[in-house]
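Accompanying notes for the structure given below.
By convention in this document, chain letters (A, B, ...) are assigned in the order of the sequence lines, proteins followed by strands, and residues within each chain are numbered from 1. Fair warning: this is a prediction, and the values are worked out from it, not measured in the lab.
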Number of protein chains: 2
Amino acid sequence: MSARAYLVDDDEAIRDSLGWLLESRGVACESYPSAEDFLAAWEPSLAGCLLLDIRMDGMSGPELFDILCERGSRLPVIFLTGHGDVPMAVSALKKGAFDFVEKPCNDNELVNRVIEALKLDENRRAAASGTDSVNARVSRLTTREQQVMELILAGKLNKVIADELQISMRTVEVHRANLFEKMGVRTAVELAQLLAGKR
Amino acid sequence: MSARAYLVDDDEAIRDSLGWLLESRGVACESYPSAEDFLAAWEPSLAGCLLLDIRMDGMSGPELFDILCERGSRLPVIFLTGHGDVPMAVSALKKGAFDFVEKPCNDNELVNRVIEALKLDENRRAAASGTDSVNARVSRLTTREQQVMELILAGKLNKVIADELQISMRTVEVHRANLFEKMGVRTAVELAQLLAGKR
DNA sequence: GCCGACATTGCGGATTTCCACAATATGCAC
DNA sequence: GTGCATATTGTGGAAATCCGCAATGTCGGC
């Protein structure tokens with residue numbers, strides 16, 4: 001499933017016109033007539049951005065946004081509204097919405113926002129993939145190896161680690177070498193930088 | 001200069017009433033009748049938050065905000081406005097404003113926002129002080145010591161560092177020991193973690 | 001029961017780091 | 001010129017790390 005703009009609006013005319021507008025500018029687009037429909041189709045791996053109408057039959061845009069946030073969605077959300085409401089805009093943006101646009105709006109401007117949002121999502125995913133890769137490697141470490149790694153990151157000498165874990169220094173050396181191998185680093189410094197901030 | 005709420009509004013009645021409100025809730029407050037006046041008094045070390053009217057004679061609130069941002073201000077800003085304007089609210093929040101409140105507003109709510117903003121600023125400063133402390137220590141390092149530190153952080157062995165800097169290994173050892181001393185660390189791993197992300 | 005993954009340990013040598021003691025050279029400030 | 005900060009190098013030994021080779025023991029799955 002490649003990145004695209006997900007358009008959620010209960011007004012078919014808007015779905016069609018916005019969908020056409022986006023497609024004409026080269027932005028892949030997928031439309032849903034209700035928040036419930038989108039929520040049913042949503043999964044964490046969805047990439048792209050979400051164009052969300054505020055007022056809809058059934059679940060409202062902000063309600064859907066809240067639920068997605070709770071479920072860990074990082075999809076950038078652009079709210080669309082027909083009637084300016086400052087508190088609502090403030091609330092949405094403070095919760096992390098990407099943008100809040102009043103209809104009718106400048107089409108060109110809206111497409112630009114969508115493209116910005118898509119780019120943001122792409123960058124986020126690129127950054128996250130690095131972290132994921134590191135986490136994956138850490139999870140492949142043995143229990144003992146993880147323990148040793150913790151102590152290495154605490155800046156302790158092998159002899160101290162051996163002491164604290166009640167094992168011989170030689171064993172620590174083995175675990176150390178193995179975990180370096182698995183983590184793909186050659187020195188403790190590289191290890192520290194690889195895990196910097198990622199926990 | 002301790003943390004306080006800086007109130008900028010060209011309406012004396014509002015300055016007085018908001019000032020009184022904040023003081024009565026234990027929030028120190030300082031008022032300015034214009035953006036220009038505040039800008040003249042501003043300095044990077046000011047701690048607290050800024051309550052900023054949108055529409056004023058002379059420089060507007062958003063204009064002042066932009067200038068402060070350019071000058072590196074991290075002061076949380078709460079915008080106050082009498083006439084709801086969604087695009088302006090969106091613009092302000094996307095630029096990093098802390099909040100955007102319509103007048104008249106619930107006094108209690110406003111004070112709570114101010115207190116939140118003050119807390120945010122305090123937390124930011126606490127986090128930054130650690131970074132500053134590290135930066136200060138780095139700046140006390142000799143040119144050579146900084147060069148050696150870079151190579152240590154690149155995970156290189158003393159012999160390699162000696163080679164790259166075209167000096168003897170012994171000299172590298174000296175610089176290494178000195179910079180560890182100055183940075184207050186005992187191992188290369190501690191050094192790596194101290195500087196993790198801070199550059 | 002056999003096999004593979006994991007944990008453990010020892011030996012011995014190569015390599016590296018850590019450090020005290022000692023010394024030379026340069027550049028800048030007073 | 002004297003003094004201080006910085007940079008440089010050497011000797012030599014103690015401590016720590018790095019690593020190949022070899023081996024034992026446990027545990028869980030097939």
Side-chain angles (χ1 to χ4, degrees), chain A residues 130-199, chain B residues 130-199:
Chain A
T131 302
D132 286 351
S133 153
V134 171
N135 289 337
R137 273 178 280 175
V138 170
S139 69
R140 276 186 221 106
L141 295 181
T142 292
T143 306
R144 262 304 199 230
E145 287 167 350
Q146 289 189 18
Q147 292 171 351
V148 172
M149 187 176 77
E150 288 303 322
L151 297 173
I152 289 174
L153 291 176
K156 301 187 177 177
L157 294 179
N158 284 353
K159 61 155 39 179
V160 179
I161 296 175
D163 206 54
E164 290 191 21
L165 293 182
Q166 293 283 295
I167 55 182
S168 83
M169 229 180 81
R170 188 64 187 81
T171 307
V172 175
E173 290 174 28
V174 172
H175 289 318
R176 181 187 182 106
N178 289 339
L179 79 88
F180 276 19
E181 169 71 26
K182 289 184 183 176
M183 296 299 292
V185 298
R186 301 192 71 261
T187 69
V189 173
E190 283 180 34
L191 183 67
Q193 294 187 330
L194 193 62
L195 274 77
K198 311 209 168 178
R199 276 176 321 155
Chain B
T131 302
D132 286 352
S133 152
V134 171
N135 289 337
R137 272 178 279 176
V138 170
S139 69
R140 277 187 219 105
L141 295 180
T142 291
T143 305
R144 263 300 199 236
E145 287 166 351
Q146 289 189 18
Q147 292 172 351
V148 171
M149 186 175 77
E150 289 302 323
L151 297 173
I152 289 174
L153 291 176
K156 299 185 178 176
L157 294 179
N158 284 351
K159 60 155 42 179
V160 179
I161 297 174
D163 206 55
E164 291 190 20
L165 293 182
Q166 291 285 297
I167 55 181
S168 82
M169 231 181 77
R170 188 63 188 82
T171 306
V172 175
E173 289 175 38
V174 173
H175 288 318
R176 182 188 181 104
N178 289 338
L179 79 88
F180 275 20
E181 169 71 27
K182 289 184 183 176
M183 295 300 291
V185 298
R186 301 192 74 258
T187 68
V189 173
E190 283 179 34
L191 183 67
Q193 295 187 330
L194 193 63
L195 274 75
K198 312 208 169 179
R199 278 176 321 155

Whole-Å distance between [N] [atom2] and [X] [atom1]?
X         : N       : atom1 : atom2 : result
Gln166(A) : dA7(C)  : CD    : P     : 17 Å
Leu141(A) : dA5(C)  : CG    : C1'   : 14 Å
Lys156(B) : dT17(C) : NZ    : C1'   : 19 Å
Leu165(A) : dA7(C)  : CG    : P     : 11 Å
Gln146(A) : dA7(C)  : CD    : P     : 10 Å
Arg186(A) : dT16(C) : CZ    : P     : 11 Å
Leu157(A) : dT17(C) : CG    : P     : 14 Å

Here the gap from His175(A) atom NE2 to Leu151(A) atom CG, rounded to the nearest 0.5 Å, amounts to 11.5 Å
Passes side-chain contact (heavy atoms from CB on, under 4.5 Å), Ile167(B) versus Arg144(B)? Steps please.
CA-CA 11 Å; Ile167(B) 55 181; Arg144(B) 263 300 199 236; 3.6 Å; yes
Nearest-nucleotide 5' precedence on DNA chain D, Arg140(B) against Ile167(B)
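It is Arg140(B) whose nearest nucleotide is closer to the 5' end.
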Which residue lies toward the 5' end of DNA chain D, Met169(B) or Lys159(A), if each is placed at its nearest nucleotide?
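Mapping each residue to its closest nucleotide by heavy atoms, the 5'-most match is Met169(B).
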Below 4.5 Å, heavy atoms only, C-beta onward: do [X] and [Y] meet side chain to side chain?
X         : Y         : answer
Val148(A) : Ile152(A) : yes
Gln147(A) : Glu150(A) : no
Ile161(A) : Leu165(A) : yes

Salt bridge (charged side-chain N to carboxylate O under 4.0 Å, His left out) contacts touching residues 181-193 of chain A (sequence neighbours left out)
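Applying salt bridge (charged side-chain N to carboxylate O under 4.0 Å, His left out) to every pair that reaches into residues 181-193 of chain A, excluding sequence neighbours, yields Glu145(A)-Lys182(A).
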Kindly write out the residues that satisfy side-chain hydrogen bond (donor to acceptor under 3.5 Å, both in side chains) with Lys159(A), not counting sequence neighbours, or none if the list is empty.
none
Take Leu179(B) and Leu191(B) through the side-chain contact (heavy atoms from CB on, under 4.5 Å) test and state the conclusion after the steps.
CA-CA 10 Å; Leu179(B) 79 88; Leu191(B) 183 67; 4.0 Å; yes
Residues that Glu164(B) engages under salt bridge (Lys or Arg N to Asp or Glu O under 4.0 Å), provided they are two or more places apart
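Partners of Glu164(B) by the salt bridge (Lys or Arg N to Asp or Glu O under 4.0 Å) criterion, ordered by chain and then number, come out as Lys156(B).
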What residues from residues 170-182 of chain B pass a heavy-atom cutoff of under 4.0 Å to DNA chain C?
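Output list: Arg170(B), Glu173(B), Arg176(B).
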Do Met183(B) and Leu195(B) pass the side-chain contact (heavy atoms from CB on, under 4.5 Å) test, and can you show the C-alpha distance, the side-chain angles, and the key distance before you say yes or no?
CA-CA 10 Å; Met183(B) 295 300 291; Leu195(B) 274 75; 3.8 Å; yes
Note the angle between the end axes of the helix from dG1(C)-dC30(D) to dC30(C)-dG1(D), five pairs defining each, rounded to 10 degrees.
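Inter-axis angle at the termini of the helix from dG1(C)-dC30(D) to dC30(C)-dG1(D): 40°.
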Please state whether the phosphate of dT17(C), meaning OP1 or OP2, lies under 4.0 angstrom from any side-chain nitrogen or oxygen of Asn158(B).
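Affirmative; the distance criterion is met.
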Under a 4.0 Å heavy-atom criterion, DNA chain D is touched by chain A from dA16(D) to dC21(D)
Keeping the roles fixed (side chain from Gln146(B), backbone from Val138(B)), state whether a donor-acceptor pair exists under 3.5 Å.
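At least one qualifying donor-acceptor pair exists.
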